[in-house]
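One-based numbering, in listed order, for ligands and for the atoms of each. Nothing here was measured: the structure is a model prediction, and the numbers come from that model.
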Amino acid sequence: MTNSENTAENKQTILNAYVGFDTITQQIEKKSLKRGFQFNVMVVGQTGLGKSTLVNTIFASHLIESKGRLNADEPPRQTTEIEAVSHLIEENGVRLRLNIVDTPGYGDQVNNENCWEPIIKYIKDQHSAYLRKELTAQRERYIQDSRIHCCLFFITPSGHSLKPIDIVVLKKLSEVVNIVPVIAKSDSLTLEEREAFRQRIKAELAFHNINLYPYESHEDEEQEQALNESIRELIPFAIVGSERNVVIDGKAVRGRKTRWGVINVEDETHCEFVHLRNFLTRTHLQDLIETTAHIHYEAFRTKQLLAIKGSAQPSSPTPMSSPATPSTNAGVSPAAGSAR
Ligand SMILES: Nc1nc2c(ncn2[C@@H]2O[C@H](COP(=O)(O)OP(=O)(O)OP(=O)(O)O)[C@@H](O)[C@H]2O)c(=O)[nH]1
């Protein structure tokens with residue numbers, strides 16, 4: 001046997017031997033399962049649009065209470081107050097720590113000037129808290145992540161167009177968080193009205209350059225790109241929520257019973273709730289978490305660290321790159337995201 005044959009044979013032997021590193025995915029899975037997952041969702045929209053109901057419908061349990069008035073003589077809410085509730089939910093041995101941040105009463109005041117500020121401040125405060133923990137000398141092994149991974153934005157089912165205040169708030173939010181807009185209570189619109197409303201909203205979002213999640217990325221595989229494209233077609237999701245079960249053909253389903261029939265929340269021909277739930281929990285949960293870290297938090301972090309560096313060198317002759325345009329994750333551009 002020649003030397004080169006020997007080398008080739010050796011190489012072959014090594015490649016055929018079972019080393020065991022193919023179990024790395026199981027090892028990661030085991031560790032991740034032990035640690036559990038953290039998902040932080042924020043709901044933004046006017047009072048009574050069904051925010052609490054939708055969250056409870058998505059996660060199939062009563063997680064948050066409605067903040068609506070129970071009696072007509074109760075005083076209306078005075079200010080935008082932000083409230084976070086935390087739940088540990090478990091499915092087939094997978095533990096998910098779910099934080100729901102409710103922002104009741106947004107845009108409900110007589111004077112809505114800067115009503116979005118507490119919401120933006122809350123999101124930035126979470127980034128700031130994370131950065132502080134990250135920069136401490138003896139940082140925790142696993143930093144508690146309270147950064148908002150997804151903001152469900154509720155659009156009033158007016159059938160006309162977005163309100164000017166919605167456009168301002170969407171624009172501000174899209175710079176700091178992944179937004180998933182939904183047409184709330186879409187059972188109040190006919191199927192044609194829904195579609196026309198959706199197309200109008202898409203056109204408005206594109207006109208105002210509002211970039212929504214999922215962002216376009218040339219790094220995604222073809223399959224992923226196709227999935228994201230189909231999701232963009234459905235955005236904003238026309239949803240119906242319900243915490244009650246109704247009986248259809250002898251089967252109890254989540255639905256709303258009206259005088260003229262029953263809406264089955266889980267029926268794709270009735271509304272897009274199932275698509276939204278699949279998108280949030282089955283296909284994009286991890287990506288929402290990663291995109292928050294790689295794009296929104298990274299932008300915040302860069303801006304903060306550049307600002308600190310800038311203040312440490314007040315007489316520096318070289319101008320610093322603008323903190324307003326931080327670098328984002330390679331290949332992924334929220335600015336290039338589709339706003340359809
Ligand atoms: N028709 C219809 N009604 C809904 C839908 N979702 C919720 N509702 C009803 O709307 C009312 C308000 O729902 P909530 O979930 O409390 O609304 P909210 O946006 O959380 O209200 P706040 O917490 O006060 O901001 C309740 O009576 C719900 O049963 C829906 O999809 N369609």
Atom 7 (C) of ligand 1: of Thr258, Val55, Thr53, Thr57, the nearest heavy atom sits on Thr53
Region of Glu243 that comes within reach of ligand 1 [heavy atoms, distance under 4.0 Å]: neither
Distance flag, aromatic centroids of Phe237 and Phe273, threshold under 6.0 Å: no
Would you kindly specify which portion of Asp187 sits under 4.0 Å from ligand 1, judged on non-hydrogen atoms: side chain, backbone, both or neither? side chain
Any N or O of Val240 that comes nearer than 3.5 Å to an N or O of ligand 1? no
Spell out, as yes or no, whether a donor-acceptor pair under 3.5 Å connects the side chain of His270 to the backbone of Ile263. no
Based purely on interatomic distance, does Ser52 place a nitrogen or oxygen under 3.5 Å from a nitrogen or oxygen of ligand 1? yes
With no hydrogens and no angle check, is any side-chain donor or acceptor of Arg95 less than 3.5 Å from a backbone partner on Lys34? yes
With Phe59, which residues qualify under ring-ring contact (aromatic ring centres under 6.0 Å, His included), at least two apart? none
List for me each residue that meets ring-ring contact (aromatic ring centres under 6.0 Å, His included) alongside Tyr130, sequence neighbours excluded, and say none if there are none. Tyr297
Looking at ligand 1, does any of its N/O atoms fall within less than 3.5 Å of an N/O of Asp102? no
Could you tell me whether Ile239 and ligand 1 have an N or O pair separated by under 3.5 Å? no
Assess whether side chain to side chain contact (heavy atoms under 4.5 Å, CB included) is satisfied between Leu152 and Val41, documenting all intermediate values. CA-CA 7 Å; Leu152 285 174; Val41 189; 4.1 Å; yes
